[in-house]
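A short worksheet on the structure shown next.
Numbers restart at 1 for each chain; the letters A, B, ... are given by sequence-line order, proteins then strands. Bear in mind that the values here come from a model prediction, so they are computed numbers and not experimental data.
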Amino acid sequence: MSVLSIVVWIIAYPLIIFCIGVLLGGYERKFSARVERRIGPSWIQPFYDVIKLMSKKTNVSHGYMHDVAILMLLGGTMLTLYFVPVPGFSYFSQFGDFLVISYLLLIPSLGMALGVGETANPNGSIGISRALQMLAGYEVPFILTFIGVAMKEQTTSMLDIIRVQQAGGFWAWGLIAHPLLGVAALIALQGMLNEKPFEVIVAPHEIATGPMTEMGGKYLGIMFIQHLIAVPLELTLYINLFLGGASNWLEYLVKLFVLWTALISVNMVFGRFRVDSAVKFMWKISLPLAALGVIGIMLNIA
Amino acid sequence: MLTSMLLILPLAGFLTSLAAAWIVPASSKARASGAVQKIIAGIGFAALFVFAFLAKSEIGTGYLGIPLFGLWLNFGLTQLSWYFVAMVAGISLVTVLFSLQGLRDDGRYPFYYIWLFSKTFGMLGVLLSADMLTFFIMWEVMSWCTYFLLQQGHEKAKRAGAGYLVYAVTAGMILLAGLLYVYFNVGSFDFRTIQKAFSGFGAGRIIVAMLLVLVPMLIEAAAYPVHWWLPSAYANAETGISAYLAAISTRIGIYGMTMFLFAGFGLTALNLVTANKYVSANEVLMIIGAFTMVVPTFTALFQHDAKELMTWHSIGQGGYMIVGIASSTTLGIAGGLFHVFNHMTYVSLILFSIAAVEYRTGTTNLNKLGGLIKKQPVAYLGLLFGIIGLAGIPPMNGFVSKWLIYRALILSGHPFIALAAFIATLGTILSVYKLIHNMFLGQLPERYNDIKEVGWGMRLPIIFMMAVVWLTGAFPGTVLAVVADIQQSLGLERVAYSVHGVAAEMGQLNMLVINIVFIGGLFVSWLIYLAGGKRKHIGQYDNYAAGHFLDKSIPYNYNYNFYAGMEHIFERLLHKPPVKRAEQALATFVSGTSEYVCRIFTGNITTYSAYVVAAVVVILLVLGGGR
Amino acid sequence: MAKELTQKAAWDRVLAKLKKNSLWMLHYCTGCGAIELPPTMTARYDMERFGIMPMVTPRQADILLITGYLSVKTLKRVILVYEQMQAPKYVVGFGSCTINGGMYWDSYSTIKSLDQYLPVEMYLAGCMPRPEAIIKGFSWLIDRVGKGEANSWRDYYENYEFYRKNQEELFGGPIQSYQDIPADAQKFGILEARQ
Amino acid sequence: MSEKMNIVTVNDGRTLYPGASAPENREYNMFIGPNHPGIEGNFALKLTLEGDTIVQARTDAGYLHRGFEKLMEQRLYMQNIAIVPRICVPDPDPNEENYARAIEAIAHIEVPRRAQFIRVMMLELSRIASHLFAFGGFAGTLGLYTMPNWSISDRDRILELFEALTGARIYHIYIIPGGVRRDLPEGFAQRVKDTLFYIESKLPEYDNLLFENSIIRKRSRGIGVIPPEKAMEWGVTGPNLRAAGFAHDVRIDDPYEVYNELEFDIPIAHESDALARMLVRRKEVEESIRIIRQVLDKMPSGPVWNKQPNPLKWKVPAGDAYVRTESSKGEYAYYMVSNGDVRPYRVHVRGASVTHGVHVLEKLLIGTRIEDASQVMFSLDACPPEVDR
């Protein structure tokens, strides 16, 4: 890759992912509207929402940490984004492996947690408390599935894992080669994306949208932008680990939308867990699945 | 002889400040006495710091023998011990600088600096000792100094100190047994002779000897089943002392473990005799380490006191070091040793921030604090940097060492130990967020409206440690260079490092790129932020309360029982009768023994000193007789 | 209308066109008219196709929908909630009760005319307005937002004394408020924008 | 540890260690409503929590107070017909029914048989609509937003029937003293039958989505249990009482209109928790459909209104009456006193929601977790406008 193309990519990459995020968000709302027998909003409704929020005349915040946290939220997500390889752009992936990515993903969570903490609203604090407990819930099985994959391929680099899967064709896809890990990670992904039944963080009827309670105007706008970037980002992680990555953008988009449809279909027909049941579900269902998968891999290696 | 200065300086500092305390007693003129003590401590520890760094040139050559009752106490500097010596010198200087202002001149801790000197002396003695006898004697000195350090302050601290002593004496006895066992088998105390002799021994002897020396080290490092002494002891000490102890004192156990495993007896020898298909010696250690990581971290989740929460983490972080070093892979050992340094920086930083809050509010109870970010922003930032390091989130330094350990564990085929490490990290994130939330975020209680930030004397050490935590995160190569030298000196493969991370042949990690991209991301976010409209800061009562009006009479802050969901999950475990009963029995045992110990040591310092001297003399006579 | 099309004005026009597609209303059922909102929001009439969604907290919302009569106790909360909302914000008086008291013109506990206390952008008459009427009303509001004409919220900043006086008269004394509205108007430059 | 530290006061009078002697802040307040999605209307819960568990709950009503009982005293009998349905918004017809029956009882007015059948049909349609609304609300509190979309749009079909019959979707002002306002339009019976068939065909879908949804069941089972031995003492009525195992129903116990000629069952449950209460409502929908079908089959022809004098001058003879109706919320009663004037002397409304939404709710919430607070409230299906009146 030439320097120029890298620079172009650095600028274009977040924008492209944002556009994909808008489409995914619009698709989600359209899809859920159809399930609910509605027409639903426009396909680029998230884009209108973001514009509306960013153009609010008055914005209030509870202090400097509230301001900075929003930057940490978006900055951390963009940082993570660069390390996740997509077709055509994997320049930064060589500097950090999956372990780095999984830890970088914590920066936005921490940023949001700090900002919401400063708003001094118990709804927000409960939301954050739930978010962090859910983090402990879904990250454990998710990371174990990764450990399994990494141990099998003897690398922690995402690029290598994609390479192995693409070299082996369809039968080398993570989901096919180690289905237990794939399913465990899929359940964890549902929690990671905060979709029902694991949607305990926002829970409007319980804690009035939790972390978003005191967020308005451009603060909420930046949270929306972050969400629109984070959704394709987390889906891409799963695609790269278990669906064989993607060699071109068409394949990538198809996989994104198929995976996303699967997740939001589940979202549509379930209520939400209590937070402890959600964490328990992850630990009792997803984690043993992943552990079994890992033991299988260990036995194969030995 | 720079090495000798490392022993002489703290000893001289101890004697000088003791004399000064005698001349200007604390009871008469608290302020004047405090000032004298501060001057001596400041100069002493600054000099120690300088000498510790100058002594680097003497690694492997500096040697010192002191005759004592016909025996020789041998001291020398190795690459491994220099690493720890430098850390001791550095962190003790920062602690003292912090304490200059952080310790109020109200005469509550009259012997603070005196015991700090003696403790430093004990630790340096252990680190510098070049044979097993010296190691043991200095070990005892160090334990007793720790005890005296913990004895300061109020009743609870005394109790906790006594509890520590029970464990320390046990550890000392086991170590003594190990010493005698080795001596009667080999006929020498010298490490190199022992190593040579042991390579020819059978499995039984190696295992017994290893057990006898490793168990005391694990007790000192507060590894899982024998960690009970640490939380109450450290949490009840003065916060500056907690910082010092948690940062480095416990890690002497890690030093001893590394030394005995790789320089003393040799892990390879141990692994050879214990190797079978299912489990090897280092895996046993790794399992201990895994428990040490997970259990205390989740215990920390349910603590209600900032210092106690942090001391549980201090135990938990020790587990990473044990796991890393016990993995006996290049990356793992590098990660484990690097983690000692990282842990020292951020734990002291966190405890300094807690101390700054305690200095103003007089409490570290997490249910009494809140919203202090508006009042103590520097302490907040210190805590923030510290917890990012502690949780191992980039770009702080804790991430690098944890990354090394994870990678080592995954690639060496220990997925479940790696999972344990990851679970512990998640537990850490949960509990440190509770820490920062309950202290600094949420609603500011009315009573803290008059609080101001602490003075520059306390702010500067916090800012300095923040810089260290961040810069060693961005340029981990600076410390990894020393770690690589240690690995080389122990006859292991050097970790392949670059200035800003880990080199490509060991899996590339470039912290500088992460930092730059992160700052770039922040910058772009800032531009987006600026594109929005103006913003206004509002007060904490202008808040969403479902349409209700808030004021100071309405408690509107969620901090008690912060992870209620987790509490529901672990409900059975926390309140299960048998566990509770066992816990109670243990508590009665500990408090009973500590009371017994208290009854023996009720006198003043001279009595304590007499005990120390007597113990040392008895040991020496026994050994001298043996020869 | 010989207003010169400056760059800023052009940008505002584009922005308004985009903004009109997303209006969030506060999830606050102030009166009995709220019973017609669920049908409007859900599958039968599907308000979301116009980009209108219920939002939970005042910080997030654009539209404050006063669904019917307001008792004095509620009005206090409504004013608090209105002041917590971020401008531009639109008050929609829903049902006859907000216009003249409607059914409860002689009740001792309800207010009779909402625009005495808050700047109303739009009234929807009826008891209660049917979902079709609500949607019709909202499309009118969307058009106005798109043209940049929905500016009633500025009125609260400009004529704050008027509203404040009426509120205080109603509540019989100084009212509790977290906001310093005139200072906010200065800070956000709302008064200059008019000129 | 620092509790024992002496509080040192510096020269300017502030304490050096303000936190040392401070109490621990274990409890805090949370507010659900009035501006909160987790509340049924303009109503509020002031909760005191410790951790995530509610230790004290106070309801805060009065946001919807319009003074109905006072307003009714200053309006003509006929004018009041227009305001009574506004007492309970989701289920307005029992108000009209009660009001009409109270006057009929005082003035001894005969109601034509056809009108009685139509009234039963109206009441049962209103019950179905109200229950469908409750299903949506209940599912919403648990995060299942598909359900409100389905059930509330299905409820709209019933509202369309109302509109065709009475001209209004919500407040029908249809049941008037002496009968009903107008006869069924042509083909209306068939329309009702079609709608009922539609709703019946949707019920299995609701079962799949909501009532047999494993996560919903897991969450709502054992939540907000009204102890059966206390249910009577607390004054619980309606589906909430039947979910506690009591087969009490005004339609059976004290039959009005033509209920004694109709055949229907009283569904009961014994768990008395949130799920049981919703399941009872779910079964009641089926029973109501059964009732309406019988009504349509048995409905005689004839007049629908026993004509009354000029409403502006109509004086109801002196006397008093207590009438009660089984509404979807529970037992609903009016006590009316007339002194022979053109206006009622006193109308007292006894609603089920004051009991459920205030007294029972406050007791049930204690010990409940914050996640379940609004679930408990929606499962009781109280009606805030009726609490305030």
Side-chain angles (χ1 to χ4, degrees), chain C residues 26-46 48 54-59 61 64-78 80-82 84-85 95 97 101-111 126-133, chain D residues 31 33-44 60-68 70-71 74-75 79 82-83 85-92 129-130 132-133 136-137 140 145-157 159-160 163 168-171 383-386 388-389:
Chain C
L26 187 65
H27 205 303
Y28 185 5
C29 325
T30 47
C32 53
I35 194 79
E36 281 291 31
L37 284 183
T40 321
M41 287 187 289
T42 54
R44 179 77 195 276
Y45 295 98
D46 188 22
E48 201 188 351
M55 285 310 254
V56 173
T57 73
R59 308 272 185 224
L64 176 55
L65 196 57
I66 308 294
T67 52
Y69 59 90
L70 280 176
S71 66
V72 177
K73 186 175 177 177
T74 306
L75 180 67
K76 227 176 209 174
R77 270 73 182 179
V78 165
L80 168 79
V81 159
Y82 179 76
Q84 280 184 340
M85 283 167 69
C97 317
M103 222 53 228
Y104 312 109
W105 60 276
D106 55 349
S107 167
Y108 55 83
S109 88
T110 61
I111 60 143
C127 182
M128 51 215 33
R130 305 167 48 84
E132 290 92 335
Chain D
F31 303 94
N35 163 24
H36 195 289
I39 196 87
E40 284 186 289
N42 201 347
F43 187 69
D60 180 15
Y63 295 101
L64 291 166
H65 181 68
R66 290 144 287 177
F68 271 115
K70 197 75 201 161
L71 289 178
Q74 61 205 30
R75 296 185 187 197
Q79 286 178 314
I83 65 168
R86 286 164 170 84
I87 292 177
C88 183
V89 191
D91 189 9
S130 172
L132 290 181
F133 204 66
Y145 300 120
T146 309
M147 186 69 195
N149 273 293
W150 289 7
S151 70
I152 292 176
S153 64
D154 290 344
R155 166 182 174 267
D156 235 64
R157 306 224 169 191
L159 298 192
E160 268 181 8
E163 200 179 3
R169 282 162 58 86
I170 308 291
Y171 301 143
C383 173
E386 191 238 284
D388 291 333
R389 293 200 282 279

Taking all non-hydrogen atoms of both residues into account, name the closest pair between D:F133 and C:P38 and its distance. CZ-CG, 3.6 Å
Indicate the atoms forming the closest heavy-atom contact of D:R66 with C:S107, along with that distance. O-OG, 2.7 Å
Part of D:Y171 within contact of chain C (heavy atom distance under 4.5 Å): side chain
Side chain proximity check, C:Y69 to D:L64, heavy atoms < 4.5 angstrom: yes
Ignoring hydrogens, what is the shortest heavy-atom contact between D:N149 and C:A43? Give both atom names and the distance. OD1-N, 3.2 Å
Contact leader toward chain D among C:T67, C:V56, C:D106, where contacts are heavy-atom pairs under 4.5 Å: C:D106
Is it the side chain or the backbone of C:L26 that comes within 4.5 Å of chain D heavy atoms, both, or neither? side chain
Look only at the side chain of D:N35 and the backbone of C:Y28, and say whether a donor-acceptor pair between them is shorter than 3.5 Å. no
Among D:H36, D:R75, D:Q74, D:K70, residue most engaged with chain C (heavy-atom pairs, under 4.5 Å): D:R75
Keeping to residues at least two apart or across chains, list the salt bridge (charged side-chain N to carboxylate O under 4.0 Å, His left out) pairs with something in residues 30-46 of chain C. A:R38-C:D46, C:E36-D:R169, C:R44-D:D156, C:R44-D:E160
Considering residues at least two apart in sequence or located in another chain, which fulfil the side-chain contact (heavy atoms from CB on, under 4.5 Å) criterion with C:S71? C:K73, C:T74, C:S109
Which heavy atom of C:C32 sits nearest to which heavy atom of D:V89, and what is that distance? CB-CG2, 3.3 Å
Assert top hit (heavy-atom pairs under 4.5 Å, partner chain D, pool C:V72, C:V81, C:I35) equals C:I35
D:A61 versus chain C, heavy atoms under 4.5 Å apart: side chain, backbone, both or neither? backbone
Trace of the side-chain contact (heavy atoms from CB on, under 4.5 Å) decision for D:R86 with C:C127: CA-CA 10 Å; D:R86 286 164 170 84; C:C127 182; 2.9 Å; yes
Under 4.5 Å from any heavy atom of chain C, what part of D:I170 do you find: side chain, backbone, both or neither? side chain
Which portion of D:H65 sits near chain C, non-hydrogen atoms under 4.5 angstrom: both
Would you mind checking which part of C:T30 comes under 4.5 Å of any heavy atom in chain D, side chain (CB onward), backbone (N, CA, C, O), both or neither? both
By a 4.5 Å heavy-atom criterion (distance strictly below it), what part of D:A168 contacts chain C: side chain, backbone, both, or neither? neither
Return the orientation label for the D:F68 and C:Y104 ring planes: parallel under 30°, perpendicular over 60°, tilted otherwise. perpendicular
Could you tell me which of D:P34, D:P385, D:G67 has the largest number of non-hydrogen atom pairs under 4.5 Å with chain C? D:P34
Between D:Q79 and chain C, which part of the residue has a heavy atom less than 4.5 Å away: side chain, backbone, both or neither? neither
Once you round to the nearest 0.5 Å, how far does OG1 of C:T42 lie from CD1 of D:I152? 5.0 Å
With side-chain contact (heavy atoms from CB on, under 4.5 Å) as the test, would you mind laying out the steps for C:Y108 and D:L71 before giving the verdict? CA-CA 9 Å; C:Y108 55 83; D:L71 289 178; over 6 Å; no
